[in-house]
There are 2 protein chains.
Amino acid sequence: MSQFMGTHQNQLDGKGRVSIPAPFRALLKAADGSVRLVLRPSHKRPCIEAWPLPAFEALSAPLQRLDLFSEEQDDLAVALFADAFPAEADKEGRVVLPERLKLHAGLGSLVTFLGLGRTFEIWEPGAAERHVASVRARIAERRPTLPGGGA
Amino acid sequence: MSQFMGTHQNQLDGKGRVSIPAPFRALLKAADGSVRLVLRPSHKRPCIEAWPLPAFEALSAPLQRLDLFSEEQDDLAVALFADAFPAEADKEGRVVLPERLKLHAGLGSLVTFLGLGRTFEIWEPGAAERHVASVRARIAERRPTLPGGGA
DNA sequence: TGGGAAACATTGGGATAGCATGGGCAATGA
DNA sequence: TCATTGCCCATGCTATCCCAATGTTTCCCA
C-alpha cells in the first residue's frame with residue numbers, strides 16, 4: 001500500500017495515546033525507522049488532519065521564502081504552523097493526541113482513522129460515519145468524473 | 001521537528017525570564033550547545049519576533065553588501081537592526097525579555113509562543129488568540145484551501 | 001478441511017528523564 | 001553601600017520511554 005486507505009478504529013487510552021493503524025504506520029515509517037507526522041485541526045471539519053512529515057514539508061516549502069513584508073505569507077504561516085503539532089510515534093506505534101485537537105474533533109475514547117490517499121484524518125466515530133455518508137450522497141447526485149479516469 | 005510549530009504558553013517570572021518551549025529550544029541549539037536568538041518588535045503587530053541567529057543572518061545578508069548605498073537599503077538596515085536585541089538562553093533554556101519589547105507586546109505574566117515555521121512570535125495570550133482567529137477568518141474568505149492542500 | 005501454532009497489533013501500566021519554575025548567591029555597576 | 005543583573009542549584013510535576021500482557025489474525029501442517 002502506498003496510500004492511506006480504508007477506515008480503522010482504535011482506542012484512546014487514559015494517557016491520550018492511540019495506536020496508529022498498522023497499515024498507516026508502515027506508510028509513515030521513515031528511512032531511519034522513525035514514524036513522524038504533523039497533526040492539525042481541520043479548518044473545515046471537526047477532525048484532525050494527519051500529515052506525513054515529508055508531505056507537510058512539501059506543503060510548507062513555499063512559505064519558507066525570506067520575505068518579511070508579505071502579509072499574505074504571514075497569514076499563511078500562522079494558519080499553517082501555529083496550530084500544527086509535530087508528533088512522533090513511540091516504539092509501539094502510538095502517538096499522543098494534544099488536548100486541543102481532541103477537543104476540536106470531539107473525541108471520546110474511540111477514534112476513527114479515515115484514509116485519504118496522501119493523508120488521513122482522525123474523527124469521532126459517529127461524526128466520521130455521518131461525514132462519509134454525506135459525502136457519498138453528494139457524490140451520487142453530482143456524478144463527478146475522476147480526472148484521467150475511465151468513462 | 002525542523003520547524004517552529006504549535007502554540008505554547010509559559011510564564012514570565014519575577015525577574016522577567018521565560019522558558020523557551022523545549023521543542024523550540026531544540027531548534028535554536030547551535031553546534032556548540034548555545035541557544036542564541038534575535039528578538040525584535042514586530043512592526044506590524046503587537047508582538048515580539050524571535051529569529052534563530054542563522055536565520056537572522058541570512059535575512060540580513062543582502063543588506064551587508066558594501067556596494068549598495070541606496071536610501072532604501074539604509075532604511076531597511078535601520079528597521080532591521082536598530083531595535084533588535086540579541087539574546088542567549090541560560091542553562092535552563094530561559095531568556096530575559098527586554099523591557100521595551102515587553103511593553104511593545106503588552107506582556108503580563110503569561111506569554112504565548114506562536115510557531116511560524118522559520119521563526120516564532122511571542123504574544124500576550126489574549127492578543128495571540130484574537131490574532132490567530134482573525135487570520136483564520138481572513139484566510140477562509142480569501143482562499144478556501146491552503147496551497148497544494150487537501151489530499 | 002480442521003486444528004494448532006506462531007506472529008502481529010493493540011492495549012495497559014510503571015519507571016525514568018526532562019521541563020518549567022522558584023529561590024538563593026555572587027558579580028557588576030551606580 | 002546598595003541595587004541590579006546574571007548565574008547556578010534545587011524541586012515538583014509532567015510527558016516520555018520502556019517493558020509486559022492479551023487478544024486477534026494469519027499461516028502452516030496434519
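Keep in mind that what you see is a predicted model, and the values were worked out from it rather than measured. What you see below is based on every heavy atom in this structure, not just the backbone, and it leaves out hydrogens, waters and symmetry mates.
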Q. Are A:Asp74 and B:Lys44 within salt-bridge range, i.e. N to O under 4.0 Å?
A. yes
Q. Among all residues two or more places apart in sequence or in another chain, which pass the side-chain hydrogen bond (donor to acceptor under 3.5 Å, both in side chains) test with A:Glu121?
A. A:Arg45, A:Trp123
Q. Who are the side-chain hydrogen bond (donor to acceptor under 3.5 Å, both in side chains) partners of A:Gln9, not counting sequence neighbours?
A.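 side-chain hydrogen bond (donor to acceptor under 3.5 Å, both in side chains) list for A:Gln9, sorted by chain: A:Thr112.
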Euclidean distance, atom [atom1] of residue [X] to atom [atom2] of [N] [Å, nearest integer]:
| X | N | atom1 | atom2 | value |
| --- | --- | --- | --- | --- |
| A:Leu97 | D:dA15 | CG | C1' | 14 Å |
| A:Gln11 | D:dG23 | CD | P | 14 Å |
| B:Asp90 | D:dT5 | CG | C1' | 13 Å |
| B:Lys91 | C:dG18 | NZ | C1' | 15 Å |
| A:Glu88 | D:dC18 | CD | P | 11 Å |

Nearest to side-chain heavy atoms of [X], which nucleotide of [options]:
| X | options | result |
| --- | --- | --- |
| A:Arg94 | C:dT21, D:dC8, C:dT11 | C:dT11 |
| B:Arg17 | C:dG12, C:dG22, D:dT16 | C:dG22 |
| A:Ala22 | D:dC9, D:dC19, C:dT10 | C:dT10 |
| A:Ser19 | C:dT10, D:dG6, C:dT21 | C:dT10 |

Q. Do B:Phe4 and A:Phe81 have their ring centres less than 6.0 Å from each other?
A. no
Q: Check for a donor-acceptor pair, side chain of A:Arg25 on one end and backbone N or O of A:Ile20 on the other, with a separation under 3.5 Å.
A: yes
**Q.** OP1 or OP2 of C:dT11 under 4.0 Å from side-chain N/O of A:Asn10
**A.**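 For A:Asn10, the contact criterion (side-chain N or O under 4.0 Å from OP1 or OP2 of C:dT11) is met.
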Q.
Quick check on C:dT10: is either OP1 or OP2 less than 4.0 Å from any side-chain nitrogen or oxygen of A:Arg25?
A.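 The answer is yes; a side-chain N or O of A:Arg25 sits under 4.0 Å from OP1 or OP2.
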Q: Give one of base, sugar-phosphate or nothing for B:Ile20, where a contact means two heavy atoms less than 4.0 Å apart.
A: sugar-phosphate
Q. Looking across every strand, which nucleic acid part, if any, lies under 4.0 Å from A:Asp13 by heavy atom: base, sugar-phosphate, or nothing?
A.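 Sugar-phosphate, backbone atoms only, no base.
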Q) So does A:Glu92 reach the base of C:dC8 with its side chain, donor to acceptor, closer than 3.5 Å? A) no
